[in-house]
Amino acid sequence: MNLFNSFTPSSLPPQSQTGSYSWFRADTGRFLFRSSIDIYRNHFSGLILIKPTSESHRILFITETGIKVFDMEYFSPGKYDVHYCMESVNRKPLIKTLGNDFSLMLYSVSDNSRIKIFTDSRSARMVIRSTDDAGKRFCFINAKTGRVEELVKTGLLCNKVNIRFFSDLPWGPDSIAISHYNIKFNIRLTKIDEN
Amino acid sequence: MKRTKYIALFYLLLWFVPTANAQEKFVQLADTRNFMSGLEKMSALTNTIESDFVQEKNLSVLAEKIISKGHFRFRRENNIRWEYTQPYKYLIIISNGQLYTRDERNRKVYDIESNRMFSEMNRFIGGCIRGDILKDEEQYSTEFMESADHYLVKLVPRNDKMRQMLNEVHIMFDKKDFSVTSIRMVESGEDYTKIDFVNKKLNTDIPLEKFSF
């Protein structure tokens with residue numbers, strides 16, 4: 001059974017740019033999330049700060065008590081630098097997985113990707129299939145918010161990563177759930193109301 | 001025995017005072033013995049400490065601050081309850097060699113000595129709160145300073161690995177009563193976490209149940 005059988009080719013609405021469907025753009029300000037990362041039997045909790053700038057996105061993970069765990073800067077899909085990572089969590093597979101997952105979250109639909117547009121007849125949602133350095137993925141656009149609601153990254157034989165964005169309003173996700181199909185690696189982000 | 005004395009001392013010191021002025025000037029402290037004996041005297045009188053706290057995480061490169069608030073409780077000999085209430089809820093209890101954490105979704109209990117990272121973190125954070133870090137000359141070099149209103153102790157980790165995480169720790173005491181007014185942990189890249197203690201109450205009745213989990 002093909003997950004994408006219900007897709008019919010479509011086109012972008014007039015004057016739309018694919019990048020405008022992403023949640024994290026240069027003009028969106030900072031986001032502070034409560035984070036919960038579960039890797040196999042290990043659990044990490046803390047705060048994640050996401051700050052988009054005109055040239056990059058910065059993601060910092062700190063503990064509730066203020067200790068910095070990692071600091072990453074993202075420039076484009078799949079391209080990022082690790083400015084700092086606490087020694088006890090500085091493992092190559094972990095950093096690579098976090099790097100790729102956050103890259104997908106930030107650049108769910110990038111302006112540099114090769115895209116095809118579909119309509120999903122089951123949910124009536126617009127679907128953007130995009131391909132770039134971060135791989136091939138399907139982005140489901142919420143008609144109400146005009147932002148990505150769900151992202152599925154596909155591999156050669158099966159789906160690899162699923163990211164769901166939860167919000168009723170277009171200016172920021174209330175929560176984000178990142179889950180892997182083939183490994184026990186899940187990230188849950190919940191927005192912190194600082195007011 | 002002497003170490004325990006200093007630990008108790010420091011707890012006692014946590015009785016609160018207003019935040020220091022960031023502009024005040026500090027000079028080298030000439031007589032550290034007077035300072036240390038002042039701490040000891042205060043410590044002998046304190047069994048419990050309660051205080052509100054304001055934590056400011058300053059991310060210098062991004063010019064961003066994250067402010068969180070909560071409540072701190074200590075009961076002699078070694079029970080600590082560190083509770084964040086705004087803008088998120090998070091609870092840490094250290095008691096009987098165990099560290100308990102609770103957030104909205106998870107509860108965890110760690111045997112402090114069985115986990116190297118927790119052991120290190122607990123030694124450091126607990127050491128700052130209890131004050132025994134002032135005596136840990138093997139791990140930290142210390143510098144004592146004073147202004148008109150405050151004593152300031154600067155701690156620099158000797159261990160390279162520790163220094164990758166923390167460049168310096170500044171602990172500030174009020175001169176009038178030797179209470180701790182703030183702790184500042186300076187990281188690499190000049191990011192820092194500053195914790196100000198306010199509304200402190202000494203020797204109130206804090207039941208042991210507050211430290212159970």
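Within every chain, numbering begins at 1; the chains are lettered A, B, ... in the order of the sequence lines, protein sequences first and strands thereafter. What you see below is based on every heavy atom in this structure, not just the backbone, and it leaves out hydrogens, waters and symmetry mates.
- Chain B forms more heavy-atom pairs under 4.5 Å with one residue of A:T190, A:I192, A:D71 than with any other, namely A:I192.
- Among the candidates A:E194, A:R58, A:H83, the residue making the largest number of heavy-atom pairs closer than 4.5 Å to chain B is A:R58.
- Judged by distance alone, the side chain of B:S51 and the main-chain N or O of B:V198 form a donor-acceptor pair under 3.5 Å.
- Considering A:D132, A:T131, A:T154 as possible partners of A:R137, the one that fulfils the side chain to side chain donor-acceptor pair (under 3.5 Å) test is A:D132.
- Using a 4.5 Å cut-off between heavy atoms, A:K51 touches chain B through its side chain atoms alone.
- Rounded to the nearest 0.5 Å, atoms OG1 (B:T181) and CE (B:M172) are 5.5 Å apart.
- Ring-plane geometry between B:Y151 and B:F35 is classed as tilted, the angle between the planes lying from 30 to 60 degrees on a 0 to 90 degree scale.
- With B:H150 as the partner, the side chain to side chain donor-acceptor pair (under 3.5 Å) test is satisfied by one option alone out of B:E24, B:K176, B:K175: B:E24.
- Proximity to chain A is absent for every atom of B:I195, based on heavy atoms less than 4.5 angstrom apart.
- Looking at B:K69, there are no atoms closer than 4.5 Å to chain A (heavy atoms on both sides), in backbone or side chain.
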